[in-house]
Structures are given as structure tokens and as C-alpha cells.
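Here is the structure we will look at.
Each ligand, and each atom within it, is numbered from 1 in the order the structure gives. Everything quoted here is computed from the prediction, not taken from an experiment. When reading the values below, keep in mind they use all heavy atoms of this one structure, side chains included, and skip hydrogens, waters and symmetry mates.
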Amino acid sequence: MTATTLERPARSAADLIAREAHYGARNYKPLDVVLTRGEGVYVWDVDGKRYLDCLSAYSAVNQGHCHPRIVAAMTEQASRLTLTSRAFRNDQLPAFYEELCELTNSHMALPMNSGAEAVESALKTVRKWGYEIKGVPEGQAEIIVCSENFHGRTLAIVGFSSDEQTRGGFGPFAPGFRMIPFGDAAALEAAITPNTVGFLVEPIQGEAGVMIPPAGYFTRVRELCTQHNVVLILDEIQTGLGRTGKLLAEQHEGIEADLTLVGKALSGGFYPVSAVLSNSEVLGVLKPGDHGSTFGGNPLACAVARMALKVLVEEGMIENAERAGARLKGSLASIRHPAIKEVRGRGLMLAVELHPEAGGARPVCEDLMARGFLCKDTHDHTVRISPPLVLTADQADGISEAFEAALRR
Ligand SMILES: *Cc1c(COP(=O)(O)O)cnc(C)c1O
């Protein structure tokens, strides 16, 4: 290093960005803000500037950044016991199972780490269920998925993505998946065959730009899956745990999935914790040795997740998501500006879609960043707004005021 390099403050934003670009794989293009601290809905950058986080790490920090009760549970457990592997039992896992199943009205749970692992686990389990219980001939199981889906980044999952960048260059892919349009129950009915074992779907497609299916869609999906003995797998990794103003988004539709996938906010953003929840006997097909994970169900993850669920419920965050979300959606929808095409969403899972000629969502996000609000653009013309569920009414109003000001520029 030259003398001038050494004289630069070691942690300047420009320096950190340069090091990241030099040493890191370039699979992301983040906004150029380098964060160092978070508390509640706020995060601070290395220069001490405060921002309101309108992304919540894709709904992983529903409980707000660094929630003190989760910090306490995590540090207490971290100094006691972190990992035993499932070769031995630990005293946190049974309580985690019990609390998670009682809260979500599930019979059984399978603990994993990332969301993608929960999805993979569900796919493996429904195939096995198909062969052992439904009687599908070996090797013939079919799983139906939706176009514009997002279920994670593993090989099996990207193989059934409809997004060219997600799939491109990563083949060959696993067979046994069939794709239908999202929100089209007739297409599901037409795609089901005697070998169909599962239908994997998001209640609201988040990464696709917060796409809400037509009213009655999930009622019909539930009927079709029951009628044809197909396991309904709802990926609630983003919609679940309060984000849409209900514990699970399926509750808006008055249905129950057979398998429900949760992750992200299951740990309040502290640690990767995910789970497959089973409302029928599907998880029962797994026998010792069929599936596993070194870190899945570890005592640290369980202690963190137990507290993350507890604060979500005890501190009224789910109700607040509904209340603050309605207020924010209402004030965004009342902005009179020709760039706005649509404001949509449920609870605090919101998006503003701009007209294509408005110049794109990224410049709006950059303007919002300068004003102290961190939002994420998606699919060129849509800005997603999903702040932590502890958002106050004043903070909600602040977001829509900043959004309007950013559009007027
Ligand atoms: C984020 C997400 C996943 C993948 O979770 P990872 O923890 O990133 O593997 C899967 N499904 C949905 C709907 C998601 O939003």
C-alpha cells in the first residue's frame, strides 16, 4: 500500500466499497450505502447518517434491527451451548417445535437454516410422500410451480425459475417440474396428472414485484389440491410471520396449506433459521437418515427463533403490520403523480409500480437514499416498501412524504 492509502481512514465508505469490489464475487449490485449499526426501523452508515430501512432484509428483520430481547436470548444461549448436531439431543429443540407448531397450528416441523433449504426439504418430502403414500410410480413424481416464482438459489430451485438470468448458464436441471401461470386456477386443474405430488406457490409473489392473485384463487387451489390428492406447499418465507398483517398470509384466504415454509423473520434477522411446517402427515414419511442438516435445529437457532416468535406475538407486531400498512398504503395511493401506475400490497408488504416512461425505479431509490430512506427497486419499474413491523404512524407518513418528494424531483 502507498502512504496515501494508509492515511485514509480505514473504514471510509469508499474504501470499504473498493475492497468489496476487489475481493468479493460480484453477484450483487447494492446501493452504495455501507451500514454499520441498526436499531428498530433505523440503520446507520459508516459516516453516521441514519436511514429508515424500507426493505427489512427482504422481510427477515420484521421484528426491527437488533431487537434487545432477541439479542439477550442469543447471547445467553451462545455462552451456554451453540451446536450439538442432531446426533445428540438438545434442550432447546423440543420447546422450539412445540411453540412453533402451536402458534402455526401445525402437527410437525422440520428445522433447517436458509429458506432455499426449507424449499428443497419440502420438494424431497413430497416426492417421497408421492411414492410411499399416493402410489406414484418410482421416478415419475411431478411438482407444479408458478411462473415468476422465487423460491431461492439452489440448483433444483433455479431449474424451475422462469427468469432467464436466474437459470441461464446453470443447467442441466432436475426434471419433474411443470410450470403454470400464477393466479390461474384453471391452469392448475389442467396441469394436474395422476403423478402430481405437490403444488408449490407463494401466497403473494414478492420478488416478482408483490403480485397478489385474484380473489378466490387460493380457495379454488385448496379445493383442487384436496380433490386430486396433491400436497399444497405454500412458500411463506417472505409473506409469513406477520409481514402481510396476519401470522401467515394463508389466513387472508381462509385456507390451510399441507406444507408451509417459513424462514427469514423466523430468527428476526439474527441467524439463518427456516422450517417446514406440516399440517397433514406429509413430514411423517421421513425416517431416520432420510434427510438432515448439521446446523438445522441447533440450540442457538432454536433459542433465537423462540424469542423472535415471542416478540412478534407479544409486542403486537402482526396487528401493527396491518394498521401501519393500511396507513402507508393509503398515503402512497393518495400521491397524485403521473409516474405512479399502481400501489399494491398487503400489510407492510407494499410496492409502488411506476410507468415505464418514468425513468425507472433505481433513480427513485437513489433519491430516497439521499433523503434517508432505503428502498429496493425490482423489475426496473417497481419500488418495494416493506419496513420492519414496528413502524409507527409518523414513520409511515415520513415514508410517503419522502416518496412523493423523490418523484417530484
Ligand atoms: C428469500 C426467499 C427464499 C429463499 O430464502 P434464502 O434464505 O435466501 O435461501 C425462498 N422463497 C421466498 C418466497 C423468499 O422470499
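A donor-acceptor contact closer than 3.5 angstrom links the side chains of H67 and E315. Side-chain atoms of S400 and S331 include a donor-acceptor pair closer than 3.5 Å.
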Could you walk me through whether F403 and I385 pass side-chain contact (heavy atoms from CB on, under 4.5 Å), step by step?
-> CA-CA 10 Å; F403 201 93; I385 302 178; 4.0 Å; yes
Step by step, work out the side-chain contact (heavy atoms from CB on, under 4.5 Å) result for V273 and N113.
-> CA-CA 4 Å; V273 186; N113 310 286; over 6 Å; no
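Per-residue contacts place S114 under 4.0 angstrom from the following atoms of ligand 1 (heavy atoms of the residue considered): 7 (O), 9 (O). Ligand 1 places these atoms under 4.0 Å from at least one heavy atom of E202: 13 (C). Within ligand 1, the atoms closer than 4.0 Å to a non-hydrogen atom of F150 are 1 (C), 2 (C), 3 (C), 11 (N), 12 (C), 13 (C), 14 (C), numbered from 1 in the order shown.
Ligand 1 has no N or O atom lying under 3.5 Å from any N or O atom of E207, backbone or side chain. By the 3.5 Å distance cut-off applied to N or O atoms, I237 is not counted among the residues near ligand 1.
Distance from atom 9 (O) of ligand 1 to its nearest protein heavy atom, with residue and atom name: A116 N, 2.8 Å. For atom 11 (N) of ligand 1, the nearest non-hydrogen atom of the protein is D235 OD2, 2.7 Å. Here the heavy atom of the protein found nearest to atom 7 (O) of ligand 1 is G115 N, 2.8 Å.
Here K264 has side-chain heavy atoms under 4.0 Å from ligand 1, and that is the only part of it that gets that close.
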